Protein chains: 2
Amino acid sequence: MATIKDVAKLAGVGLGTASRVINQSGYVSEATKKKVEDAIAELGYVPNETARAFVTQDNRIVALFLPSIHHAFFSELAYFIEDELDKNDYKMMLCNSSNQIEKELSYINMLKQNKVSGIIGISYNQIEKEINNSMPIVLVDRHIGEIPYVSSDNYAGGEMAFQVLRDSGCKQVAYIGTYTKTILTEVEKRKKGFENAAKESGLDYTLYLEEDPIKDQTVFLNQFLTKHKNVDGVFVENDLMALELVQLALEKNIKVPEELSVIGYDGIQRYGALRPKLSTIRQPVEVMGRSLVDLLIKRINGFSVTPAIHPVDYLKGETTR
Amino acid sequence: MATIKDVAKLAGVGLGTASRVINQSGYVSEATKKKVEDAIAELGYVPNETARAFVTQDNRIVALFLPSIHHAFFSELAYFIEDELDKNDYKMMLCNSSNQIEKELSYINMLKQNKVSGIIGISYNQIEKEINNSMPIVLVDRHIGEIPYVSSDNYAGGEMAFQVLRDSGCKQVAYIGTYTKTILTEVEKRKKGFENAAKESGLDYTLYLEEDPIKDQTVFLNQFLTKHKNVDGVFVENDLMALELVQLALEKNIKVPEELSVIGYDGIQRYGALRPKLSTIRQPVEVMGRSLVDLLIKRINGFSVTPAIHPVDYLKGETTR
């Protein structure tokens, strides 16, 4: 028996387009409509109610929830997500969750009620019970069951950061960051890649960690500088933290990079005036943003997808030798 | 004859709430619903079709369009707009226009078709013909007919910047920025305030301008530093441009602030690590964001409003003496 996929294939159109013709919802050009109707006639296609149900409700709105849009990395990611959605004729709702689970849940409910067609979610809350893989949702940096996610290659990034510090002559290295007991995120792979590379190399290393969320980042970083004077190279969990560490080190008259090399993670530095320019492991933000939309649209149209993990690269600045 | 406002007042609820009861659209608690129904009965209120028309379509979605969300000022403003909308039970659609007028027009069309309840717009395009004051739309920094807008007190900010440079001992000051022939924006008031204060004081001043958009900001700023070596204090149109000027000056071994004082405008600096920390005239971003939403909701509910101009303050950093 012919399916909607057979119709789409014969007509040479996407699944979403075929469904719009079948359900008479949304804009389709006359030429395209004819192609689909001809394919329906040729195959003797009869609409299947289940198939109708999940594509009928595509109202072309996708919701993005993230902790805060006022953040260099998230705002850049949001830019490319919106741009790619727009190219695919979707509009985007934006939710600053401020990490409040209730706000995130209200958007998940909108998805369940078909008020939005899909969700792209950046969440550090325990939303596992509320979402499942039958819903068109794609996450960033989170592993929840089978739900697809997009991330950068955090593990390789950690290894890369270690190698840079070692190759530039550092003798005692450290990783500065957080750990979490409650949720599984990609971010901890940065630490793992770094640590495993350090172990293999035999170089002396320290893990300087606090449970997420860090109570006072300035105190946390200052204590590191006071306690670990022998460390001459650090890989910091993200650029914002790394930038503060550099400033605090300079305030303590520690020369960067001569006495302390610093590498961050993200690649947020856009201002030409940040001095010294931060060395960092760069996430391919544009690629990730467009990849998130690509996976989500496939999910909206009923296809299954696998997580997309994108390569990182090292952006040398002035904080490494 | 009783109006919907009389009903709302007697029931002790907002106009929007009264309309939701009358139009049976949207969530209202049982207790509130009873209060409104009692008021309707007591006043003998009969729904007026015109009044119904403009509140019926409040689907609780507001669209924000701006050039790019990946921008320190715009992303901070968007954060507070979304937060204030959320507090008032509205969801927000985000559009990066990338200054493309077609994208802005498509959102204006959504407003005309009642697919969104209102628009907050940051636009540098000629959208005058497409919008008028019967539509619930509030702008940022733009003067288009009677359409309400929110801005910071750019003129006073320009005066303030001049006074800071003069009071800190600068002898030859300059304003660096843009001008535009086609649209009327608030930004040019920064230059006007600066210039008028300079004229009144009798201090020697220069206006170093290029027509917006600047072709190559680095070239533009480097030429200033080469041509105007005698200038010892500058007020730059915005923080991003000021930050680049500081870096370029330092690269040319010009001491900041000892040989050249620099003041920006916006107050975007959030990273502790920006060195030297930029002195700037700060826009009250949170106040402005919430003010935009306040004005828009009043417009959605049919009230008229006047532009809101918010005071700025001077944030002393390390780039002035």
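By convention in this document, chain letters (A, B, ...) are assigned in the order of the sequence lines, proteins followed by strands, and residues within each chain are numbered from 1. The structure presented is a predicted model; accordingly, all values stated were derived computationally and were not measured.
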Engineer: Flag the one option from A:Met110, A:Lys91, A:Glu82, A:Met93 with the top tally of heavy-atom pairs under 4.5 Å to chain B.
Structural biologist: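 Most heavy-atom pairs under 4.5 Å with chain B: A:Glu82.
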
Engineer: Under 6.0 Å from the six-membered ring centre of A:Tyr90 and within 45° of its axis: does the NZ or CZ of A:Arg60 meet both?
Structural biologist: yes

Engineer: Please classify the contact of A:Thr218 with chain B as side chain, backbone, both or neither, using a heavy-atom distance under 4.5 Å.
Structural biologist: neither

Engineer: Answer with side chain, backbone, both or neither: which region of A:Tyr107 has an atom nearer than 4.5 Å to a non-hydrogen atom of chain B?
Structural biologist: side chain

Engineer: Determine which pairs satisfy salt bridge (charged side-chain N to carboxylate O under 4.0 Å, His left out) with at least one residue from residues 253-268 of chain B, sequence neighbours left out, and list them in order.
Structural biologist: none

Engineer: State whether B:Phe80 and B:Arg290 meet the cation-pi test: NZ (Lys) or CZ (Arg) under 6.0 Å from the six-membered ring centroid, and within 45° of the perpendicular axis.
Structural biologist: no

Engineer: Go through B:Leu64, B:Leu77, B:Asp86 and name the one with the most non-hydrogen pairs under 4.5 angstrom from chain A.
Structural biologist: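 Max contact count across the listed options: B:Asp86.
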
Engineer: Mind listing the closest non-hydrogen atom pair of B:Ile268 and B:Ala72 along with its distance?
Structural biologist: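 Distance-wise, the nearest heavy atoms are CB-CB, 3.8 Å.
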
